[in-house]
Visitor: 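Below is one structure. I have some questions about it.
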Amino acid sequence: MNFAVFSEYLERIEGTTKRLEITAMLGEMFNALAPDEIDKVCYLLLGKIYPDFVGIELGIADALIQRALSIASGLKIEIVSEVLKNEGDIGTCAENVIRQKKQTALFSEPLTIERVYGNLCKIAESTGSGSQDYKLKLIAEMFHDAQPLEARYIARILAGSLRLGIAESTILDALAIVFLKDMEKNVARELLEDKYNLCSDIGLIAKSVKAQGMKGIENIGLKIGVPIRAMLASRAASMEELFDRMGKFAGEYKYDGLRIQAHISNSDIKLYSRRLENLTEQFPDVIRNLRSAFRGREGIFEGECVPIDPDTDEMLPFQEVSKRRGRKYGIEETMKQIPVCLFLFDCLYLDGREYLKNSYLERRKALETAFVETEHVKFSHMKIIEDMAECEQFFNEAISAGCEGIMAKNTGPEGVYKPGKRGFLWLKYKREYKSELADTLDLVVLGAFAGKGRRAGTYGALLTGVYNPEKDTYETICKLGTGFDDATLSQMPQKFATLTVKSRPKNVISKMEPDFWFVPMVVVEVQGAELTISPVHTCGYGIMKEGAGIAVRFPRFTGRWRDDKAPTDATTTGEIIEMYKKQLKRIEERDLPE
DNA sequence: GGTGTCTGCCCC
DNA sequence: ATTCTGC
DNA sequence: GCAGAATGGGCAGACACC
């Protein structure tokens with residue numbers, strides 16, 4: 001299929017927000033594709049070129065796309081940048097720029113899906129010195145031969161998202177409708193999803209059902225070494241909600257670490273992250289520890305990988321384990337510095353038997369027969385919770401142990417493992433949801449970043465900070481980009497119009513350069529989970545750690561503008577330092593002898 | 001060799 | 001991760 | 001309630017550049 005035809009389909013889809021219409025148009029396109037195109041198209045629709053677990057990435061984002069557009073169009077990079085800022089979308093930015101191109105290409109070859117996909121693969125595979133230039137050349141070449149509309153979608157694919165309202169679920173809907181017509185609609189959809197959840201490869205599914213319908217995917221099954229899409233938890237607003245939704249439940253500590261899916265076979269062990277990235281190389285200690293704790297022949301299990309202090313065995317902040325994720329060098333050394341404990345919480349497969357459709361307690365029992373606990377492989381702390389008093393106590397114990405909160409899991413027959421689903425069979429209830437424990441801050445708005453997509457034309461995020469009364473300065477502590485509704489967002493540029501200045505006010509200390517600077521005046525209420533040591537924010541710079549400041553983890557707008565507060569009444573640097581010390585103390589105190 | 005910027009369907 | 005919105 | 005799309009802090013790696 002010509003890329004131009006593909007682009008026209010996408011443009012039509014972009015013209016509606018109605019789910020049913022999107023799905024129907026997507027199905028129509030699937031019908032028109034060749035069998036060896038549909039898998040590629042599925043990846044492209046999701047802004048990628050391979051399934052997640054393959055681990056080959058494009059390594060392209062806004063910055064490189066802008067440079068390529070500059071080369072392809074002959075326009076200065078500053079101009080392209082300006083267009084992007086105004087459009088708020090790399091796609092329409094590319095479209096505009098290509099339309100402005102000085103002359104239409106004389107020797108342009110029409111683009112096809114095949115050619116674009118092939119180029120993207122070349123881009124993903126190129127590494128080493130000069131690879132950036134090579135990537136730029138390939139991208140610029142595509143833009144050179146692209147019509148404006150094609151450029152729109154090429155740019156968005158490169159940036160990783162077409163922003164059409166299409167994700168895996170919509171693709172499955174369309175595939176079911178178009179290629180499994182003979183079956184009852186809901187049954188077809190469910191079967192398809194079951195298969196997808198086991199192979200985690202949407203392209204394979206699409207290709208197979210286009211070629212042979214249901215027959216094409218009947219042989220897909222759970223397989224050791226092929227990651228299964230992770231089941232997720234919904235959030236509960238209160239403890240009461242846990243009981244309202246499931247009566248009694250299995251409570252588990254919610255550990256603040258890295259989620260790991262372990263595939264154990266006779267010959268080897270593979271580890272996968274929540275998004276199915278291969279983590280095997282990064283955690284040789286976990287492999288060894290699993291091997292010595294395992295009592296079965298083979299299996300698939302899930303757990304949370306938590307950093308621990310090698311001397312005291314207490315759990316360390318999430319930041320520590322993230323030093324091990326993605327590491328390629330110094331693995332052995334870091335392994336000794338930051339040992340981890342794996343807290344196992346689920347069993348999906350054990351010795352020839354699938355457990356996905358078993359209830360929670362059956363899976364837990366299988367898990368407990370499959371392992372003996374060792375120093376660094378343990379079961380997640382679990383207790384059946386029947387009433388509020390028990391729940392309160394369990395929650396408090398979890399916090400004292402250094403956890404984020406608790407998980408509540410449905411113990412009924414319906415409480416199966418649903419790969420890829422975020423339902424209400426699992427609920428999370430975190431410390432930060434409790435209003436008495438919530439750290440609410442009053443922060444001064446210092447600047448803003450231009451919004452993208454649905455936030456084009458307004459701000460995407462605010463740059464906020466605290467007041468330092470000793471120096472009479474404002475120091476950045478976090479950006480703030482969530483918690484705003486559409487009405488608030490649309491009014492924001494007006495709200496800050498009179499405060500907008502050309503450059504950073506002298507009393508603002510910032511390493512970041514927002515798109516707009518403001519005179520410090522407006523105060524917002526912000527909720528966060530905790531404070532972290534920050535390499536980029538300047539709040540309390542150098543006090544807790546040399547060359548570092550303090551930031552807020554998971555910041556969000558509470559909906560309250562503190563118009564009653566002057567900027568000098570905002571949360572101060574000193575207060576943040578105290579809060580950070582208190583947080584440390586909480587961690588230190590929890591392991592003291594009674 | 002050191003530094004700065006960019007990237008990740010990254011992790012959370 | 002959190003949050004908001006259209007269906 | 002689901003699915004999708006906005007957005008956060010912070011980590012290591014990979015390059016480009018000096």
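Note on naming: letters A, B, ... go to the chains in the order of the sequence lines (proteins, then strands), and numbering restarts at 1 for each one. Note that the structure is a prediction, hence the values are computed from the model and not measured.
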Visitor: Could you tell me whether the phosphate oxygens of dC11(B), OP1 or OP2, come under 4.0 Å of any side-chain nitrogen or oxygen in S322(A)?
Guide: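 For dC11(B), OP1/OP2 do not have a side-chain N/O of S322(A) under 4.0 Å.
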Visitor: At under 4.0 Å, does any side-chain N or O of S273(A) touch on OP1 or OP2 of dC11(B)?
Guide: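 So the side-chain polar atoms of S273(A) do come within 4.0 Å of the phosphate oxygens OP1 or OP2 of dC11(B), strictly under.
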Visitor: Return no unless some side-chain N or O of Y459(A) is found under 4.0 Å from OP1 or OP2 of dT7(D).
Guide: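 Result: no.
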Visitor: Just to be sure I follow the notation: if a pair is Watson-Crick (purine N1 to pyrimidine N3 plus N6-O4 or O6-N4) or a G-U wobble (N1-O2 and O6-N3), each under 3.5 Å, what dot-bracket string does DNA chain B give, with | for pairs to another strand?
Guide: ||||||||.|||
Visitor: Which atom names give the shortest non-hydrogen contact between I49(A) and Y43(A), and what distance separates them?
Guide: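 Nearest pair, atom of I49(A) first, then Y43(A): O-CD1, 3.3 Å.
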Visitor: Between K511(A) and dG4(B), does any side-chain N or O lie under 4.0 Å from OP1 or OP2?
Guide: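 Result: no.
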Visitor: Under a 3.5 Å threshold, yes or no: a donor from one side chain and an acceptor from the other, between R19(A) and T170(A)?
Guide: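 Checked: R19(A)/T170(A) side chains pair up, N/O donor to acceptor below 3.5 Å.
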Visitor: Tell me whether the NZ or CZ atom of R235(A) lies within the 45° cone about the ring axis of Y433(A) and under 6.0 Å from its centre.
Guide: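 Yes, a cation-pi geometry.
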Visitor: Contact class for L64(A) (heavy atom, under 4.0 Å): base, sugar-phosphate, or nothing?
Guide: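 Touches sugar-phosphate only.
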Visitor: Is K430(A) close enough to dT2(C) that one of its side-chain N or O atoms is under 4.0 Å from OP1 or OP2 there?
Guide: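 Answer is yes, contact under 4.0 Å.
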Visitor: Give a yes/no verdict on a cation-pi contact between K418(A) and F424(A), requiring under 6.0 Å between NZ or CZ and the six-membered ring centre and an angle within 45° of the axis.
Guide: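 Ring-cation test returns no.
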Visitor: Looking at R324(A), I'd like to know whether one of its side-chain N or O atoms comes within less than 4.0 Å of OP1 or OP2 on dC10(B).
Guide: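 No, because none of the side-chain N or O atoms of R324(A) sits under 4.0 Å from OP1 or OP2 of dC10(B).
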Visitor: Using a cut-off of 4.0 Å on non-hydrogen atoms, how would the nucleic acid contact of G453(A) be classed: base, sugar-phosphate, or nothing?
Guide: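 The residue G453(A) makes sugar-phosphate contact but no base contact.
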Visitor: Does dG8(D) have OP1 or OP2 under 4.0 Å away from a side-chain N or O of K479(A)?
Guide: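 Looking at the OP1 and OP2 atoms of dG8(D), one of them is under 4.0 Å from a side-chain N or O of K479(A).
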Visitor: Is R556(A) close enough to dT3(C) that one of its side-chain N or O atoms is under 4.0 Å from OP1 or OP2 there?
Guide: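 Yes, because at least one side-chain N or O of R556(A) sits under 4.0 Å from OP1 or OP2 of dT3(C).
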Visitor: So, Y429(A) and E241(A): side-chain donor and acceptor under 3.5 Å apart, yes or no?
Guide: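 Judged by distance alone, the side chains do not pair up.
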Visitor: Under 3.5 Å, is there a donor-acceptor pair between the T558(A) and Q527(A) side chains?
Guide: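 There is no such pair (donor and acceptor under 3.5 Å, judged by atom type) between the side chains of T558(A) and Q527(A).
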Visitor: Please tell me if K18(A) has a side-chain N or O lying less than 4.0 Å from either OP1 or OP2 of dA3(D).
Guide: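 No, outside the criterion.
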Visitor: Could you check whether L158(A) gets within reach of a base, just the sugar-phosphate, or nothing at all, counting any heavy atom under 4.0 Å?
Guide: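 Counting heavy atoms under 4.0 Å across all strands, no contact is made by L158(A).
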Visitor: Nucleotide by nucleotide, 5' to 3', does protein get under 4.0 Å of the base (B), only the sugar-phosphate (S), or neither (-) in nucleotides 13-18 of chain D, counting heavy atoms?
Guide: SSSS--
Visitor: With no angle test and no hydrogens, is the base of dT7(D) tied to the side chain of T482(A) by a donor-acceptor pair under 3.5 Å?
Guide: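 For T482(A), whose side chain was compared with the base of dT7(D), there is no donor-acceptor pair (under 3.5 Å).
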Visitor: Whether K479(A) engages the ring of F449(A) as a cation-pi pair (distance to the six-membered ring centre under 6.0 angstrom, angle to the ring normal within 45°) should be assessed.
Guide: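 So K479(A) does make the cation-pi contact.
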Visitor: May I ask you to say what G483(A) touches in the nucleic acid, namely base, sugar-phosphate or nothing, with a heavy-atom cut-off under 4.0 Å?
Guide: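 Sugar-phosphate contact only - G483(A) comes under 4.0 Å of backbone atoms but never of a base.
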Visitor: Take atom P in dT7(B) and the same atom in dT7(D), then report the distance between them in whole Å.
Guide: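 It comes out at 15 Å once rounded to the nearest Å.
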Visitor: Quick one: R19(A) CZ to dC7(C) P, roughly how many Å, whole number?
Guide: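 Taking CZ of R19(A) and P of dC7(C), I get 9 Å after rounding.
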Visitor: Which part of the nucleic acid, if any, lies within reach of F424(A) when heavy atoms closer than 4.0 Å are counted: base, sugar-phosphate only, or nothing?
Guide: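 Sugar-phosphate contact only.
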Visitor: Would you indicate what R235(A) reaches in the nucleic acid, counting non-hydrogen atoms under 4.0 angstrom: base, sugar-phosphate, or nothing?
Guide: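 Sugar-phosphate contact only - R235(A) comes under 4.0 Å of backbone atoms but never of a base.
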Visitor: Give a yes/no on whether any side-chain N or O of R275(A) is located under 4.0 angstrom from OP1 or OP2 of dC10(B).
Guide: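 For dC10(B), OP1 or OP2 has a side-chain N or O of R275(A) closer than 4.0 Å.
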Visitor: Quantified in whole Å, what is the C1' atom distance between nucleotide dA1(C) and nucleotide dG8(B)?
Guide: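 These two C1' atoms come out 15 Å apart once rounded.
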Visitor: Would one find a side-chain N or O of R163(A) under 4.0 angstrom from OP1 or OP2 of dA6(D)?
Guide: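 For R163(A), the contact criterion (side-chain N or O under 4.0 Å from OP1 or OP2 of dA6(D)) is met.
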